[in-house]
Amino acid sequence: MKTLGLITMIAGFAAVMAVAAPGGGLKKGESVTPFHPKHLAGPLAGSTDCFPCTFQNRPQVQVWVNGDSLTNVAGIAGTLSSAMKTYKAKEFKGLVVFLTTPKNAKAIEAAVAEAAKKPELAGVGMAVLDAKDDAVSAYKINTAASTKNVVYVYKNWKVAESFVNLGGDAAGQKTLAGAIASVTK
Amino acid sequence: MHKSMRTLPMLMACIGFLQLSGPVSAQKARTDKEVSRLKLPKFITSQKTTVEPSTLRRGASGKLLISLAVEDTFHIYDPNPGDPFLTATKVTPIKVPGVVFGKPVWPLPITVKGAKVHEGTVVVTIPFTVKPSAKPGKAAFGAKFYAQGCNETTCYPPASFTVTVPVSIKD
């Protein structure tokens, strides 16, 4: 019985390590990678095209949403929409990816499609992706409930800045706007 | 045997199993060919680098020929891809004392969705001249690449890689 308990403990420890390993987020200088979410709004709406592959070396932002409130996400997406106008000449692009489960996918798709109609979010890509997609680990997204969003600001496929649990409030918007400005110089 | 003594070997076996369940590649020595392959990005399936003529003498000119096999269905971009937001392939010859390398010569690109690209086997030629003052002996000729492989639906992130070939400069 003692042996079984010890083996169980070891196996359990190994399992915890496997889950805990990813999730720190891509660091500055790491590469974004291709993935194929279901685009509901924005330039790739109606497709599963790869966002970074389509826009290549252009300055871009990806916002990965893991259960964040739509109000907070709207604040972030609004900053992206505004930046797309400000940096139109630099062809800046923004994408918000909502992680889903088979249970909540339809509800999230409906809510995102509705939110994307708001004029203040015009032009921003909105997509959904199953939380178990390989891209989630490739982008080192921690799907624990404590991680509401992960934001990657990048250019030439390299992450320039990343944020976890970025606020959609004035302070968060200012932080994001500053990061976008740095990749659109 | 005491019960705790029986437990220890079982624990060791468990730990051993966990360690062995790591990457198989880490458990065996790699051949030179495998090591060479690992230095290439995924979108370059193989490369062959040669020098013409095979015997280099001081004061002579020659060509460094770099043949890259691009992954099936994928392409790499021409150094002038026709779009500033695409990853232009950069080729930089590795400096060798006493040898002057010229500008890399690319085959004619094809056009895919308005971008100039190369598919299949791509041979880049770099002319060179061995100065009369060059020291005889062994050297490595080659080049550093920065490129990106894409196809109709996806891209690998841009990557750097180096190809070389050993040469011998004679009197």
Side-chain angles (χ1 to χ4, degrees), chain A residues 1-18 21 26 29-39 43-44 47-60 62 87-93 133-135 138-140 152 154-159 183-184, chain B residues 1-23 41-43 70-71 73-90 111-117 145-161:
Chain A
M1 284 302 284
K2 274 183 186 171
T3 307
L4 187 65
L6 277 163
I7 292 170
T8 307
M9 276 175 67
I10 292 169
F13 177 70
V16 167
M17 289 299 286
L26 295 174
E30 287 192 280
S31 289
V32 295
T33 49
F35 68 108
H36 297 266
K38 181 179 178 182
H39 294 277
L44 301 179
S47 78
T48 56
D49 288 355
C50 161
F51 193 78
C53 310
T54 303
F55 298 112
Q56 293 280 353
N57 293 336
R58 290 166 177 83
Q60 298 163 47
Q62 285 178 28
Y87 303 109
K88 192 177 178 182
K90 301 282 184 180
E91 301 194 31
F92 168 77
K93 306 290 177 190
D133 191 281
D134 289 345
Y139 276 80
K140 298 181 182 176
Y152 294 119
Y154 62 97
K155 185 183 178 182
N156 298 331
W157 291 75
K158 298 281 186 194
V159 173
V183 293
T184 49
Chain B
M1 191 185 284
H2 189 270
K3 200 171 182 181
S4 62
M5 289 295 284
R6 286 202 306 267
T7 310
L8 191 63
M10 288 188 77
L11 273 175
M12 296 298 283
C14 286
I15 291 165
F17 172 76
L18 287 171
Q19 287 174 339
L20 283 173
S21 62
K42 283 184 179 174
F43 54 90
V70 180
E71 185 179 346
T73 76
F74 279 77
H75 56 252
I76 57 173
Y77 293 100
D78 189 71
N80 299 300
D83 180 334
F85 292 111
L86 296 176
T87 303
T89 303
K90 290 177 187 164
T111 303
V112 174
K113 291 183 178 176
K116 291 175 185 170
V117 304
F145 281 78
Y146 179 74
Q148 181 177 34
C150 292
N151 66 10
E152 283 286 312
T153 58
T154 195
C155 291
Y156 290 104
S160 298
F161 59 98

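Note on naming: letters A, B, ... go to the chains in the order of the sequence lines (proteins, then strands), and numbering restarts at 1 for each one.
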Quick one: pull up [atom1] in [X] and [atom2] in [Y] and give me the separation to the nearest 0.5 Å.
X: A:Cys53; Y: B:Tyr156; atom1: SG; atom2: OH; result: 11.0 Å
X: B:Phe85; Y: A:Thr54; atom1: CZ; atom2: OG1; result: 14.0 Å
X: B:Leu86; Y: A:Asn57; atom1: CG; atom2: CG; result: 7.0 Å

I want to check something: taking the side chain as every heavy atom from C-beta on, are A:His36 and B:Thr154 in contact at a cut-off of under 4.5 Å?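 Touching, per the 4.5 Å side-chain cut-off.
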
Does atom NZ (A:Lys155) have a neighbourhood of more than 12 heavy atoms from anything else shown, all under 6.0 Å?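 Result for NZ/A:Lys155: enclosed.
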
Just so I understand: if I count every heavy-atom pair under 4.5 Å between each of B:Cys150, B:Ala159, B:Pro158 and chain A, which residue has the most?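 When all of B:Cys150, B:Ala159, B:Pro158 are compared, B:Pro158 has the most.
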
For A:Trp157 and B:Pro157, which heavy atoms make the closest approach, and how far apart are they?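 Heavy atoms only, the tightest pair is CE3-CA, 3.9 Å.
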
